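When reading the values below, keep in mind they use all heavy atoms of this one structure, side chains included, and skip hydrogens, waters and symmetry mates. Letters A, B, ... mirror the listed sequences (proteins, then strands); counts begin at 1. All values derive from a computational prediction rather than experimental measurement.
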Amino acid sequence: MSETFVQKVLRKRLGVESAQPGQIVTVKPDRLLMHDNASAIIEKVKSDIDRFGIVDPDLPVIVLDHVIPASDEKTAINHRRIREFVRKHGIRHFFDIGEGVCHQVMFEKGLVLPGDLVLGSDSHTCSYGAVNAFSTGIDRTEAAALLLTGETWLKVPHTMKIMLEGGLSKGVYAKDLVLTMIGTIHSDGASYRCIEFHGDIGGLSISDRFTISNMGVEMDSKGAVFPVDEVTREHLDTAGIEDVSPVWADPDANYWSVHEFDMGDVVPVVSAPHKVDNVKPVSELTGLHFDQCFLGTCTNGRHEDLKVAARILSGERVHPSTRLIIAPASRSELVKAMADGTISGLLEAGGVLLPPGCGPCLGAHQGVMAPGERTISTSNRNFKGRMGCKEAEIYLASPATVAATALRGELTDPIEVI
Amino acid sequence: MRVWRYGDNVNTDMLFPGKYTYTCSKPEEIMPHLLEDLDPDFSSGVKKGDLLLVGSNFGCGSSREQPVLGLKHAGIEAIIGRSFARIFYRAAINQGLILIECPSAVDAYKDGDEVILDIGSGRIEIGGEEHRFPPLPDAVLAIRDSGGLLEYTRKRLEPRKG
């Protein structure tokens, strides 16, 4: 019987004959991801943990990344509570401040493998579709219950098939591609459904795939998954993983819908305020002034992204009417970017370097805007108030478009400056 | 009973701004900021038994439990919507907050209409006209009817402990 990726993953784990869309199943995830919100999660079930214990100290992965280093006493207390919990219960997979954004850390430490099922108390947990895992976001209470039981329910989703054809043009990046998809499919177009990427994916690097899977949730998808190929294997080799069990859909699987994108037709785009699916070509808004340019996050803060920006900005100066903030996705990506001169290029151009972590993305600290200001960002959300001020505007774009805009102080098609 | 109406794609930053997510997690800390960037009158005006009537993809964006905790604490009887974003939908079940997907009811409502809800039998009456919605699966109802996921989990773990 023909199956989609997600049907096959769930059927194999459950050891049943079939997993049909709409069916409700009880699953035991391979990993449970938490970040700074682990503090609130632990608090919910403090007395239950004392009474029943943690189901498995190897299940949780905790990464401190959202507000790091602590910005005030309250966040410092949260971090302390998490560190105490980790020590008391022998949690093996704990990464303290500075290691990077949780999703990047999961990915580069090899904590998520092809065919895995990962749940996380963060909506961008869907990122691991890049390495052929079925991973999705849950809320804090569900994470708390998972600490106690190790299991939860899932509805087997229908799947949307996205066919990618051709290749991206010069000056156009994976971010432009995924924003273009979101602009077409819209914010609720993949609700309760899994997305599979098929077609000419060989030209997309592992970092490109991460960018794309990461933003799957901006179409409300339950997961956004790539198959395993040479590109994936190279990444897994780097993480020291050899033995994997990839899973992929059967050629005659049944899909909810099929969508085709010719990558050669994609142009540099932005998501304009205040919705991610409000996608417009850069050419329509050229000249728009930006007060702040932000390069970073789990979406686009990897070495490859910083390098694209440095190629535009090295030997130049950030325009005096704007400012450039850089938050690398992880320590390891930062180290790579230091070794080849990417970081010095960006700093000499006038960039401000933040520690590896979420930085200004969620508006809690570092790079909050004033009313009336406008930021162009490589992050994944431009919701009103997202960066800490509801009277400010956020535009989303590729690292190249952000760098080109930093150079001129106004929205610029990267092709003009590459 | 008041009906609070909101449109499509209301995201979690509008329901509860991200800047408070690591400093507010208890209902009394959440309440003053509930729906702060969507409707500044909500948190002071909401009363027990009120309803929310919303468009599609309500609660899209982050995994952010505070709006669900806040709405439950405020005594919202149910949220009737065209559709809900996935994580928000699960979060509501896990807190025992009732969400009803019923696009025809949302479309039919006019200001001032009387709304009568019969959750058990899957009926909403709006201005005298009946709309039906499918019941939740049993596995999900068991969680909601226990008062939320943690209560449900404790009930299951207790006998194992003996």
Practice task
Could you grab the distance from atom NZ of A:Lys275 to atom CG of B:Asp8, nearest 0.5 Å is fine?
Solution key: 7.5 Å
Exercise for the section: Taking the side chain as every heavy atom from C-beta outward, state whether A:Leu148 and B:Leu157 have any pair of such atoms under 4.5 Å apart. Expected result: yes
Handout entry: Interatomic distance, B:Ile93 atom CD1 to A:Trp153 atom CH2 [nearest 0.5 angstrom]
Key = 4.0 Å
Handout entry: Minimum side-chain heavy-atom gap B:Arg90-A:Leu154 below 4.5 Å
Key = yes
Problem - Interface moiety of A:Ser191 toward chain B, non-hydrogen atoms closer than 4.5 Å - result: side chain
Handout entry: A:Asp188 side, atom CG; B:Asn57 side, atom CG - distance, nearest 0.5 Å
Key = 4.5 Å
Exercise for the section: Would you mind checking which part of A:Thr152 comes under 4.5 Å of any heavy atom in chain B, side chain (CB onward), backbone (N, CA, C, O), both or neither? Expected result: side chain
Practice task
Using a strict 4.0 Å threshold on nitrogen-to-oxygen distance, state whether A:Asp48 and B:Arg154 make a salt bridge.
Solution key: yes
Under 3.5 Å, which donor-acceptor pairs link side chains of residues 107-114 of chain B to any protein atom two or more places apart or in another chain?
unit_1	atom_1	unit_2	atom_2	d
B:Asp107	OD1	B:Arg82	NH1	2.8
B:Asp107	OD2	B:Arg82	NH1	2.8
B:Asp113	OD2	B:Lys110	N	2.9

Handout entry: Between CZ on residue A:Arg51 and CD on residue B:Glu158, distance to nearest 0.5 Å
Key = 4.0 Å
Practice task
Could you tell me whether the side chain of B:Ser63 and the main chain of A:Ile138 form a donor-acceptor pair under 3.5 Å?
Solution key: yes
Handout entry: Side chain / backbone / both / neither for A:Ser187 at chain B, heavy atoms under 4.5 Å
Key = both
Problem - Verdict with supporting geometry, B:Leu38 and A:Lys390, side chain to side chain contact (heavy atoms under 4.5 Å, CB included) - result: CA-CA 10 Å; B:Leu38 176 68; A:Lys390 67 173 171 174; over 6 Å; no
Exercise for the section: Could you give me the CA-CA distance, side-chain angles and deciding distance for B:Thr21 and A:Asn37, then say whether side chain to side chain contact (heavy atoms under 4.5 Å, CB included) is met? Expected result: CA-CA 8 Å; B:Thr21 50; A:Asn37 64 17; over 6 Å; no
Exercise for the section: Let me know if A:Asn380 has heavy atoms under 4.5 Å from chain B in its side chain, its backbone, both or neither. Expected result: neither
Fill in the blank from the handout: Per-residue tally against chain A (heavy atom, under 4.5 Å) across B:Tyr89, B:Tyr20, B:Phe84 peaks at B:Phe84
Practice task
Check whether any side-chain heavy atom of A:Arg193 lies under 4.5 Å from a side-chain heavy atom of B:Arg86, and answer yes or no.
Solution key: no
Handout entry: For chain A, the option from B:Gly148, B:Ser62, B:Ser56, B:Cys60 that forms the most heavy-atom pairs under 4.5 Å
Key = B:Ser62
Handout entry: chain B contact via A:His79 - side chain, backbone, both or neither, heavy atoms under 4.5 Å
Key = neither
Practice task
Calculate, to the nearest 0.5 Å, the distance between atoms CD1 and CD belonging to B:Ile87 and A:Glu142 respectively.
Solution key: 10.0 Å
Exercise for the section: Let me know if A:Arg381 has heavy atoms under 4.5 Å from chain B in its side chain, its backbone, both or neither. Expected result: side chain
Practice task
Kindly say whether A:Gly388 contributes a backbone atom to a donor-acceptor pair with the side chain of B:Lys19 at under 3.5 angstrom?
Solution key: yes
Exercise for the section: Go through the atoms of A:Glu391 and report whether side chain, backbone, both or neither lie under 4.5 Å from a heavy atom of chain B. Expected result: neither
Exercise for the section: State the CG-CD distance between B:Asn11 and A:Glu218, to the nearest 0.5 angstrom. Expected result: 9.5 Å
Handout entry: Side chain, backbone, both or neither of A:Asp36 within contact of chain B (heavy atoms, under 4.5 Å)
Key = both
Handout entry: Check: B:Pro137 and A:Lys155 side chains under 4.5 Å, non-hydrogen atoms
Key = no
Practice task
Please state whether the side chain, the backbone, both or neither of A:His124 comes within less than 4.5 Å of a heavy atom of chain B.
Solution key: neither
